[in-house]
Protein chains: 2
Amino acid sequence: MPTISDVAKLSGLSKATVSRVINNHPYIAKEKRERVEQAMKELGYVPNPSARRLRGSLTNTIGVIVPRIVNPFFSYLVHSIEQSAYKNNYQVLMFQSNEKKDKELYFLNLLKNRQVDGLIMTSIENDWDVIQPYTEFGPIVLCNEYLTHSKAPIVRLDQAKAAYIGTKHLIDKGHTKIGYCTGGLFAEDGKDKDRNHGYQQALSEAGLSIHTNWIFINKHTIDDGKKVMRQMLAMDDRPTAIFTGSDEIAAGVIMEAKENGVRVPEDLAVIGFDDQPVAEIIEPKLTTIRQPVDELGEKSVEQLIASMNSKETVLKNIELPVELLVRKST
Amino acid sequence: MPTISDVAKLSGLSKATVSRVINNHPYIAKEKRERVEQAMKELGYVPNPSARRLRGSLTNTIGVIVPRIVNPFFSYLVHSIEQSAYKNNYQVLMFQSNEKKDKELYFLNLLKNRQVDGLIMTSIENDWDVIQPYTEFGPIVLCNEYLTHSKAPIVRLDQAKAAYIGTKHLIDKGHTKIGYCTGGLFAEDGKDKDRNHGYQQALSEAGLSIHTNWIFINKHTIDDGKKVMRQMLAMDDRPTAIFTGSDEIAAGVIMEAKENGVRVPEDLAVIGFDDQPVAEIIEPKLTTIRQPVDELGEKSVEQLIASMNSKETVLKNIELPVELLVRKST
DNA sequence: TTGTACGCGTTATCAC
DNA sequence: GTGATAACGCGTACAA
């Protein structure tokens, strides 16, 4: 494996000069620059990033952490981040935390050890106290998730409004018994807290109160959706509408509803979240909340690159609009 | 950021001893080992991977390259790889090539520069001549994709059989005009070549010949599927059945068919590929080819780890079974 | 404009 | 059992 010394030897110049060529320093004789470039090509030389990092220089690589890559929302988000980064000459390393604290920490260490220049976190597993110290080693941008005390640039969607308009829509359709699924624990400061608030606000404005057994926690997948439907079937007094928190869950609910002769939307109105492809595939087509995923990724990258360039942390809070898409499931 | 020297200083021992503790060397006095561990904890010390790599040691990280992470087949595959790797104490870095040669090369350099100990490639963009040299730097396992001359361990599905049984199934249902979508170019040695052969074999066994304008190339997404359906609608003589190459494409075909009053399966039989969740969501439910994605990922990891442990390349060719799932779209 | 020499953090090879 | 020390490949003062 050729090193900078090999290039130096072949070109008859010093390592320093070669290094200067690589890093586009000014003041190099054209003829020598060409000699170096020629030698690099000949040897198939590639700088060793480990050595560079050790030396403290940048990597032109950013990391993205996602909880579950199989969730289409995140795979599309990562995809969008990747595209934007590429346009800006950055490579992207993706990493799946699987919602585990230790895996998240491992990834944060990539930042600490200069494996990546910056980080985009699309989920947060650890407390902010443990994440915060890592910001010393490079910028961290939060993408669509945050904790109350987190102090980092954040690009997010207006989740509270999203849940609010979704729930409101169901109320406007005349529903008073409205179930709710969350990916978190329906806790005060945890995952999906903003959505929880939106849901609660819409209910309370309509003079409705919360039925704890219509709240389903830790739900993410199609299977989860089926389970939710089964749980509802077993209830004496069950919701006539449900806000699901993702199109996948909604799909599961609807599939199981059909199996059991529950008509959607007549017997049960279902509202999804994300406007994933599945929303238009399933029948009835899903009423859902559209989130501008592409823009979310794009802005996150922009924000991260901005933070990397200016040494001071630019504390920005970008909020993107969400939108209710009414189709046939409500 | 604490280094091994800081730990040495704090514990009153030498860097060498600290290093030995870190790397679980035998023959260290228990008392000193504990002193070191204590110091590490106190400082929040984490070994710097760049330095380790520079020194030539392993990273316990493997890389996975995928063409498009938004394709559910690949996100599930990556997920399965990630799970298996985790069980074996490996971390996984994912990387999306976007089907670009230069991005693939960038990622191969991670191997060259010891960023990762080994690589799983779920797609191949460059010629084998250019990939082959990288095997010198660490094992590469091909996963479900290969080139004719590639000489690397490979874990794959029997794609030829898959396409064969799918096409055969359509023939058995009485179809003679059978369209075909491929993600590649329908070329002799390129993407999906085995599927192409399976399709061709089934046709020729039935005495049917290939209609080039019923072959659709470079198809991957739902939108592609819709386009295919529109193209077929514009034909005077059109297929009565189509082998789509992915459930996503199939979904697109069916959606567009419904829009245009084409009945599935009566007017057009559609067969998918992958058995993704969408296959059971869409109506009619998709007849499709099930691939054991979990096993595919698992075996790839196993194979990679095996290659990393034994210095000689263990040239293995593992082939996993596929299965036809008949539902309602054929 | 170019070259020499040092240090980044770690591990392996020697000595002791 | 333990400690000095020399690499690993690179970038940058500093000198020339």
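Protein chains get the first letters and strands the later ones, always in sequence-line order, with residue 1 at the start of each.
Look at CG on B/Asn109: it is 12 Å from P on D/dC10, rounded to the nearest Å. Rounded to whole angstrom, the span from the NZ atom of A/Lys15 across to the C1' atom of D/dG11 amounts to 9 Å. The nearest whole Å value for the distance from the CZ atom in B/Arg55 to the C1' atom in D/dC8 is 6 Å. For B/Leu13 and D/dT2, the CG to P distance is 7 Å, given to the nearest whole Å. D/dA4 atom C1' lies 14 Å from atom CD1 of B/Ile4, rounded to whole Å. Regarding B/Arg35, its CZ atom lies at a distance of 15 Å from the P atom of D/dG1, rounded to whole Å.
Counting all heavy atoms, side chain and backbone alike, B/Pro133 lies closest to B/Asp129 at CD-O, 3.0 Å.
When the side-chain hydrogen bond (donor to acceptor under 3.5 Å, both in side chains) test is applied to A/Tyr90, no partner is found at least two apart in sequence or on another chain. Scanning for ring-ring contact (aromatic ring centres under 6.0 Å, His included) contacts around B/Phe73 gives an empty result, with sequence neighbours left out.
The stretch residues 18-28 of chain B touches DNA chain D through B/Arg20, B/Tyr27, B/Ile28, each having a heavy atom within less than 4.0 Å of the strand.
Put simply, CG on B/Leu13 and NZ on B/Lys15 are 14.0 Å apart, with the number rounded to the nearest 0.5 Å.
Closest to the A/Arg52 side chain, of the nucleotides D/dT12, D/dG11, D/dA6, is D/dG11.
Using a 4.5 Å heavy-atom cutoff, the side chains of A/Gln132 and A/Asp127 are not in contact.
A donor-acceptor pair shorter than 3.5 Å cannot be found between the side chains of A/Glu34 and A/Gln38.
Two residues, A/Glu31 and B/Pro2, neighbour DNA chain C, and the one matched to the more 5' nucleotide by heavy-atom proximity is A/Glu31. Mapping B/Ser14 and B/Ala51 onto DNA chain D by nearest heavy atom places B/Ser14 at the nucleotide closer to the 5' end.
Across all strands shown, A/Lys32 has heavy atoms under 4.0 Å from sugar-phosphate atoms exclusively, and none from any base. Base contact: A/Ala16 has a heavy atom under 4.0 Å from a base atom.
Applying the salt bridge (charged side-chain N to carboxylate O under 4.0 Å, His left out) test between B/Glu125 and each of B/Lys101, B/Lys100, B/Lys191 identifies B/Lys191 as the sole match.
Taking a heavy-atom distance under 4.0 Å as the criterion, the stretch of DNA chain C touched by chain A extends 5' to 3' from C/dT1 to C/dG9.
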Which pairs of donor and acceptor atoms, one on a side chain in residues 74-86 of chain B, lie under 3.5 Å apart (sequence neighbours left out)?
from: B/Ser75; atom 1: OG; to: B/Pro72; atom 2: O; distance (Å): 3.2
from: B/His79; atom 1: NE2; to: B/Gln83; atom 2: NE2; distance (Å): 3.1
from: B/Ser80; atom 1: OG; to: B/Asp294; atom 2: O; distance (Å): 3.0
from: B/Glu82; atom 1: OE1; to: A/Gln96; atom 2: NE2; distance (Å): 2.9
from: B/Glu82; atom 1: OE1; to: A/Asn98; atom 2: ND2; distance (Å): 3.1
from: B/Glu82; atom 1: OE2; to: A/Lys103; atom 2: NZ; distance (Å): 2.1
from: B/Ser84; atom 1: OG; to: B/Ser80; atom 2: O; distance (Å): 3.1
from: B/Tyr86; atom 1: OH; to: A/Asp102; atom 2: OD2; distance (Å): 2.7

Please report, to 0.1 Å, the donor-acceptor pairs under 3.5 Å made by any side chain of residues 138-147 of chain B, with sequence neighbours excluded.
from: B/Asn144; atom 1: OD1; to: B/Leu157; atom 2: N; distance (Å): 3.4
from: B/Asn144; atom 1: OD1; to: B/Gln159; atom 2: NE2; distance (Å): 2.9
from: B/Tyr146; atom 1: OH; to: B/Asp194; atom 2: OD1; distance (Å): 2.9
from: B/Tyr146; atom 1: OH; to: B/Asp194; atom 2: OD2; distance (Å): 2.8

